[in-house]
Amino acid sequence: MVGSRQRHVLGLVAVVLAVTTAAVLVNRFVLQAEWWQVDHTVTARPVARMADLGPPPGPVASTWQLATPIRRSGLSPYDQVAHAIVDGQLVVVSGRGLDVRDARTGEARWHYNRGDWNLLGWAATRNHLIAYLERAGHGQDRQVVGFDAASGRLLWRADGDSPAVTERSTLRWPAGSDVVLTTDDGHRMLRGRAAATGRRLWTVPLPRGCELPEAAAHRSGGSETLAVLSLDCGSLGRVIAIDPATGRTRWTRSLGSQEPPAVAVDGDVTTVFDGTALRLYRPGGQEFASRSGDDLCGAMCPTALSGGRLVVVYRQGKDPAAKRHMEAIEVSSGRSAWQRDAPDYSALALGGDRLYGLRPRLAESLLPAGIDIVSPADGQTTTVPAPFVVGPGMDGVRPWLAAAGGLLFVAVPEAAPRADMEAQRGPYPAGAARLIALRGGPAGRGPEELGGVAVADWPDACALLRRRDLTAVRPGGYRTRPEHADVGVLRLPRSVSCRYEPEDYKGQSAAAMTVTVEWVSSSPQAATELLAAWRATEPLARQLLDINDEAYEIGTSGTIAVRVDRYILAVNAYQAPGVANRLARAAAARLPRAQ
C-alpha cells in the first residue's frame, strides 16, 4: 500500500515536471522563438554615402514621401515614430520595428519586425544599429538586438539588459565608439556592450543614491565619443558624462533642481536645462555660458553646433507666447557672436554651413509651413514656404528635420482619415508620421518668400465678399477688419484675411465671419497637393462635392476650405457651416482663373 502511494506521488511529480518542462520549452522555442514570428529582410546593395549638405537658400519642392502609421501598443510613452539619417540611409523607427530605406529615393533596403514584440528603443553607432524589444504583455522578456546598419544582417542578441535612458520622443538611447550603453533591472549600473558582437565590455556603478530614469524626454544625449545621462539622485538633479568606449566618467555636475535635468549633446557640447537655467558645457565639462529663467525652453531648447558656435533658441519671458530668441554662442569664449528674434521653431537641423528651422506656419493667417535657412556665421536668414502643413500636435510624432545629400528631410504628424476614425471604437485615431524629402525647387517670377509667386497675384481678402453676400445670410451692416501678413522681410500689400463684424458687434465670436486667402500656389496641381496636406492634418475633414474645384468642411467649427484654380480660400462662420458654405461660394466666384 505504501509502495503504491509512493508510486502515485512519484507519478504526479513526473507529470508536473513534464508539464513544467514542456511549458518552459514551449515558451523558449515557440513563444519566444524567432523562426515563426520575425519578418526580416536584408540587402546586399552598397550604401550611397551622402554629403553633409542641405538644399540652397530658395524655394523647395517635394521629391519623395513616406507615411508610417502609429502603432498603439498599450505602452503610450513608447508609441512613437522616429527618424534618423545613418550613413545615407533613412531609418524609420516605430513600435512595429525598423524600416531602413535609401535616403535619396525612399526605396526599401531592409527591415526587421518581430510579431507580438514591441520595439521600445534603438541606438546607432558607426555602422551598427541596435534595437530593444519587449514581448507584448511580458515586460520581463526583453532583448537587445544588434544589426549591420548597411545590410540589415542580424549580428547578435542578448537577453535581460535594458537601454540606458531612452529619450521618449525619439526612442533613441546613447551609443558611441561602437559601444551601446545598457543598464540592469535596478537602473543603478551602467554597462557597455560591443555593438558588433554584443559582448559586455565594461560595467560601472552609478554614484551612490542615484539611478537612471527608465524613459523620459531629453534625459540623455550622445555622440561617438561622449554620452551624457541625467540621473535621479533624490533631492538633487545630476548629470554624468561617460566615455562610451571605456565607461570612464569624464565629468559630473550636480544641479539645484530636484527634477532630473533635460540633456542634449551636439558634437560633444552639452546643453543642460534644469528648470532654473540653461547651461552649456564644453567636452571637458567646463561651463562656458548660461541663461537664467524657469521657462526658457519648455521641454528642451533647440540647439545646433556649427563652426565652434552653438546656436540655441530660447524663450524671452515667462509668458508661453513670449518671443523666442536665437543666439550663436562661441564655445571657446562664451561670447555671443550674434542674436536675433526667432519664431517658435518645431525643429532645427544643420547641413554643412546652413542651419534649417521648421516654422509651424510660414506666417500668421497663411497655410503652409515655413523653412528658415540660416547662416550660422552671421544669422542672415531666408524664409521660404514648404509644400506641406504642420497641423495640431499629436502623441507619437514629433516634428523632425535632417539635412544630407542636398536634401532636407522633414517629418510631421498626420491624422487618420475620417472613415478610419469613425471605424474605431475610441475617439482618438492613431494617425501617422509623414516624412517628406525636399530638394531645391525652381525659381519663379516672384519673391522666394512666396515660392516664386508674384505679389500682384495675391487678391485682397476684403474684396471677395460684397454687402449683399453678407446680408443674405445675416441682415444688418458690417465693419471689416483686414489683416496683413509678413513673410521674412516681405509684407504682402493686400489683406490676406478679412473679418466681418456686425455693426452692433459686442465681442461675440459667433456673430463674426472671416475670409482668408490661405495661399496662392504656382499651379493648380501645387494647390491641390497643399490642400490635400491640410486635409491630412484634420481627422474630421469632409469633402463637399458641389463647390468649385475642391472644397472641404474642416472639423466642426464652421470652416469651409475651397480651392479655385491655384488659390486656397478658407471661410469661417463660427459654428455655422451652412453660412460658411454660402459665403465660400460667393467668395470663390470672385477669384480669378487662368485663361
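Computed from a predicted structure; not experimentally measured. Excluded from the calculations below are hydrogen atoms, water molecules and symmetry mates; all remaining heavy atoms, backbone and side chain alike, are included.
Side chains of D372 and T383: a donor on one and an acceptor on the other come within 3.5 Å. There is a side-chain donor-acceptor pair under 3.5 Å between D178 and H128. T125 and E224 share a donor-acceptor pair across their side chains, judged by distance under 3.5 Å alone. When only modelled atom types and interatomic distance are considered, R340 and T381 share a side-chain donor-acceptor pair under 3.5 Å.
Contact of the V487 side chain with the L366 side chain is registered, since non-hydrogen atoms from C-beta on lie closer than 4.5 Å. In this structure, the side chains of V165 and W173 stay at 4.5 Å or more apart for every pair of heavy atoms. Between W338 and R309, some side-chain heavy-atom pair lies under the 4.5 Å cut-off.
Ring geometry for W400 against F409 counts as tilted: the plane angle lies between 30° and 60°, on a 0 to 90° scale.
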Inset, instruction - Test D161 against R200 for salt bridge (charged side-chain N to carboxylate O under 4.0 Å, His left out), laying out the working first. - result: CA-CA 11 Å; D161 274 8; R200 189 174 295 171; 3.6 Å; yes
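Checked against the 6.0 Å centroid threshold, W534 and F388 do not count as a close aromatic pair.
Evaluation of the side chain to side chain donor-acceptor pair (under 3.5 Å) test over residues 272-283, restricted to residues two or more places apart or in two chains, returns D274-T276, D274-R279. A disulfide bond (SG atoms under 2.5 Å apart) check over residues 175-217, counting only residues at least two apart or in different chains, returns the pairs C210-C233.
In the displayed structure, R335 atom CZ is contacted under 6.0 Å by at most 12 heavy atoms of other residues, nucleotides or ligands. For CD of E287, the number of neighbouring non-hydrogen atoms (other residues, nucleotides, ligands) closer than 6.0 Å is greater than 12.
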